[in-house]
Amino acid sequence: MSLNILNSDSLKENTVWRSFMRTTELFAPTLREVPAEAEVVSHQLLLRAGFIRREAAGVYTYLPLALRVLKKINQIIREEMDRQGGQELQMPIIQSAELWQESGRWDVYGPELFRLKDRHDRDFALGPTHEEIITALVRGEVSSYKQLPLLLYQIQNKYRDERRPRFGLLRGREFIMKDLYSFDRDEHGLQVSYQKMHDAYTQVFRRCGLRFRPVEADSGAIGGSDTHEFMVLADSGEATILFCEKEACGYAANVEKAAQPNVTAKPCEDLKQLAEVPTPGAHTVEEVADFLHVPPQKIIKTLLYETEKEVVAVLVRGDRDVNEIKLSNALHCLHLKLAGAATVQNITGARVGFAGPVNLKSVRIIADLEISALTNAVTGANKDDAHLINVNPVRDFNVDIVSDIRMVQAGEPCPRCGSTLKEAKGIEVGQIFKLGDKYSKVLGATYLDESGLKKAIIMGCYGIGVTRTMAAAIEQNHDQDGIIWPVAIAPFHAVVVPVSVKDEKQTAMAEETYDRLVKAGIETVIDDRPERAGVKFKDADLIGYPLRITVGAKAVANEQVEVRVRKTGEVVMIPVNKVESSVIKLLGQL
RNA sequence: CGGGAUGUAGCGCAGUUUGGCUAGCGCGCUUGCCUUGGGAGCAAGAGGCCGGGGGUUCAAAUCCCUCCAUCCCGACCA
């Protein structure tokens with residue numbers, strides 16, 4: 001009996017999606033006009049093409065077409081995770097506060113954590129990520145080095161109460177994410193797992209048909225050492241990435257992370273006499289530079305920052321911007337913000353705009369690497385309407401910390417090879433982290449090695465935003481008429497459009513074409529609505545089927561259907577009896 | 001969190017300033033005719049707690065109070 005079940009069609013029918021559809025049955029309500037709530041193009045097109053509907057701010061229903069895309073992305077992810085030895089599981093979305101308190105993140109995570117109480121008034125959170133749960137699971141089940149390494153992953157809804165949900169699926173509060181966690185005995189094992197995931201991610205995004213780039217990144221709140229982000233390249237992207245113009249070099253980093261090049265040698269200039277000069281009203285770098293006729297590079301910009309521990313003075317060259325991420329890393333602080341006017345007055349004794357490191361008491365001073373290379377520089381005098389000239393580090397002031405704390409810009413030398421850095425915009429769709437023992441230590445996930453020694457498991461975590469990837473694909477691949485899906489993640493491969501459904505010959509020919517394509521395994525939609533051709537064409541372009549097969553009067557007369565490529569607009573005439581092979585060939589070329 | 005804006009039919013909007021007939025327009029939807037290669041045309045229809053609650057008034061989409069929702073901008077570069 002049981003064998004019979006296995007041999008039956010149940011196996012063959014166990015495909016994730018059906019490969020055929022009639023638009024008269026398809027639930028894909030398209031809109032002619034752009035809903036007012038949508039700002040970015042992926043959001044607009046997802047709404048217009050009938051892929052999603054909004055339920056609440058940052059919370060969406062995925063309609064059938066969207067779900068097909070998501071399933072395809074998921075499937076590619078599964079195959080690549082499994083290929084690297086990953087095992088899929090599912091974990092709770094509702095997570096008890098205890099675990100989060102144990103890891104310390106109940107307090108650290110802040111308002112982004114969706115919190116709720118049960119009827120007994122116990123605290124819970126909706127999982128924004130699953131480090132706690134998975135580590136707790138593993139600590140209970142893994143006790144020996146023989147059980148390692150372990151790669152476990154899940155694809156589920158995650159929740160973050162964003163301070164400002166926006167851009168449709170690009171920054172939602174409920175979203176689908178794949179997270180894989182690696183568990184290894186040591187750093188070497190972690191390196192192996194990390195590389196596996198780096199390879200897997202490269203494969204995933206390549207297979208999705210996206211132009212992307214892995215970049216070095218900052219590890220942020222999740223913590224850990226090494227980390228790369230996978231960026232889908234799109235001009236509308238929020239993230240700025242810098243990459244070396246030399247392909248062979250390969251350096252690429254998020255601006256948040258991009259290291260500055262080695263400091264140029266100190267210019268040989270005689271140290272001049274420190275002096276105070278009046279600079280009435282000149283409180284920005286630009287104003288001071290104009291007023292004193294010095295280039296901004298000769299000005300030391302002094303910013304006061306407040307952290308949860310202290311107030312610090314931050315020095316960068318006048319033409320540079322502070323990189324707050326680098327800064328908070330250098331200061332080992334959690335929160336960072338520019339000090340208010342009152343604090344500035346209090347500490348420097350002057351209004352905002354006249355702070356300087358000379359004789360600045362009571363706060364630590366942190367300077368960017370470039371500062372030590374300056375001679376005879378200009379700074380604020382800690383006195384209203386006055387600046388100091390001929391200021392020299394060491395001679396006139398000392399700093400407590402020297403570190404790379406500034407933003408790097410396109411055009412600067414590559415920190416690795418010295419060629420020029422270029423800039424691009426990207427959408428972060430994946431990130432891989434080396435966590436080390438950060439979570440295993442606090443949560444007590446350990447194992448015994450061969451010598452019976454108890455050791456912390458070394459972890460890594462690796463996420464892919466599935467719903468964000470779908471939106472990013474649209475940001476990268478669209479035109480005025482609508483979406484242009486890469487074949488691998490398109491909801492369907494082709495749409496057959498009979499120009500007039502009242503023409504029996506056209507209908508018959510379209511049905512034959514549809515039938516042939518479906519039987520050949522091509523996911524095909526037939527637009528059998530009694531609409532005019534223009535309406536169907538518009539919808540086809542909007543939804544973004546990679547291929548459109550038009551069956552009109554010409555087709556009937558010539559026994560040839562017209563295959564149009566969505567991406568290029570290219571049109572080829574194909575005899576009906578060869579339509580499958582031609583379509584397969586065309587899809588393969590896309 | 002701060003600031004701004006908006007909320008009227010499925011979608012896009014007018015009407016609100018200066019309260020007053022039965023709340024309008026375009027698209028979409030239904031029915032019929034017609035049309036059929038890029039969102040056609042004609043005709044007849046359906047569809048509204050004017051975001052919720054409370055007030056003022058003879059009378060409220062419109063004025064007042066309050067709550068809610070959505071969107072945008074900002075979060076300080078000395």
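Below, chain A is the first sequence line, B the second, and so on; all start at residue 1.
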If the [atom1] atom of [N] is compared with that of [M], how far apart are they to the nearest Å?
N: A60(B); M: G51(B); atom1: C1'; value: 16 Å
N: C1(B); M: C76(B); atom1: C1'; value: 14 Å
N: G20(B); M: C67(B); atom1: P; value: 28 Å
N: C29(B); M: C72(B); atom1: C1'; value: 32 Å
N: A23(B); M: U31(B); atom1: C1'; value: 26 Å
N: G74(B); M: A59(B); atom1: P; value: 47 Å
N: U56(B); M: C11(B); atom1: C1'; value: 35 Å
N: G28(B); M: G41(B); atom1: P; value: 8 Å

Handout entry: N-O pairing of Lys383(A) and Glu276(A) below 4.0 Å
Key = yes
Handout entry: Test: Arg516(A) and Glu580(A) ion pair at under 4.0 Å
Key = yes
Problem - Partners passing ring pair (Phe, Tyr, Trp, His ring centres under 6.0 Å) against Tyr60(A) (at least two apart in sequence or in another chain) - result: His43(A)
Base, sugar-phosphate or nothing for [X]? Non-hydrogen atoms, less than 4.0 Å.
X: Val344(A); value: base
X: Asp539(A); value: base
X: Arg406(A); value: nothing
X: Val285(A); value: sugar-phosphate
X: Ala555(A); value: nothing
X: Thr348(A); value: nothing
X: Gly552(A); value: base
X: Arg53(A); value: nothing
X: Asp541(A); value: base
X: Arg166(A); value: sugar-phosphate
X: Lys502(A); value: base
X: Arg548(A); value: base
X: Ala350(A); value: nothing

Exercise for the section: With His493(A) as reference, evaluate Leu547(A), Val487(A), Thr524(A) under the side chain to side chain contact (heavy atoms under 4.5 Å, CB included) test and give the passing residue. Expected result: Val487(A)
Fill in the blank from the handout: So, with a heavy-atom separation below 4.0 Å from RNA chain B, the residues of residues 294-312 of chain A are Lys301(A), Thr302(A), Leu303(A), Leu304(A)
Assigned partner base of [N], Watson-Crick or wobble definition, under 3.5 Å:
N: G38(B); result: none
N: G74(B); result: C1(B)
N: G48(B); result: none
N: A43(B); result: U31(B)
N: U18(B); result: none
N: G26(B); result: C11(B)
N: U6(B); result: A69(B)

Practice task
Please confirm whether the backbone N or O of Val408(A) pairs with a side-chain atom of Glu412(A), one donor and one acceptor, at under 3.5 Å?
Solution key: no
Handout entry: Listed partners of Glu324(A) passing salt bridge (Lys or Arg N to Asp or Glu O under 4.0 Å), at least two apart
Key = none
Problem - Nearest-nucleotide 5' precedence on RNA chain B, Ala533(A) against Pro35(A) - result: Pro35(A)
Handout entry: Pairwise 5' ranking along RNA chain B for His283(A) and Glu562(A), keeping only the more 5' one
Key = Glu562(A)
Exercise for the section: Could you point out which residue of Trp485(A), Tyr62(A), Phe27(A) forms a ring-ring contact (aromatic ring centres under 6.0 Å, His included) with Phe51(A)? Expected result: Trp485(A)
Practice task
Determine the interplanar angle of the Tyr159(A) and Phe114(A) rings, folded into 0 to 90°, and report it as parallel if under 30°, tilted if 30 to 60°, perpendicular if over 60°.
Solution key: perpendicular
Handout entry: Inter- and intrachain pairs under side-chain hydrogen bond (donor to acceptor under 3.5 Å, both in side chains), touching residues 544-557 of chain A, at least two apart
Key = Arg548(A)-Thr550(A)
Using distance only, find each side-chain donor-acceptor pair of residues 532-543 of chain A under 3.5 Å and give its atom names and separation, not counting sequence neighbours.
residue	atom	partner	partner atom	Å
Lys536(A)	NZ	Pro498(A)	O	2.9
Lys536(A)	NZ	Asp527(A)	O	3.0
Lys536(A)	NZ	Arg529(A)	O	2.9
Asp539(A)	OD1	Thr30(A)	OG1	3.2
Asp539(A)	OD2	Thr30(A)	OG1	3.4
Asp539(A)	OD2	Arg529(A)	NH1	3.1
Asp539(A)	OD2	Arg529(A)	NH2	3.1

Handout entry: RNA chain B: 5'-most and 3'-most nucleotides touching chain A, 4.0 angstrom heavy-atom criterion
Key = C11(B) to A78(B)
Problem - Test side chain to side chain donor-acceptor pair (under 3.5 Å) applied to Arg351(A) and Gln345(A), step by step - result: CA-CA 5 Å; Arg351(A) 298 198 312 271; Gln345(A) 180 79 41; over 6 Å; no
Problem - Residue that, paired with Thr240(A), satisfies side-chain hydrogen bond (donor to acceptor under 3.5 Å, both in side chains) out of Glu256(A), Glu423(A), Lys425(A) - result: Lys425(A)
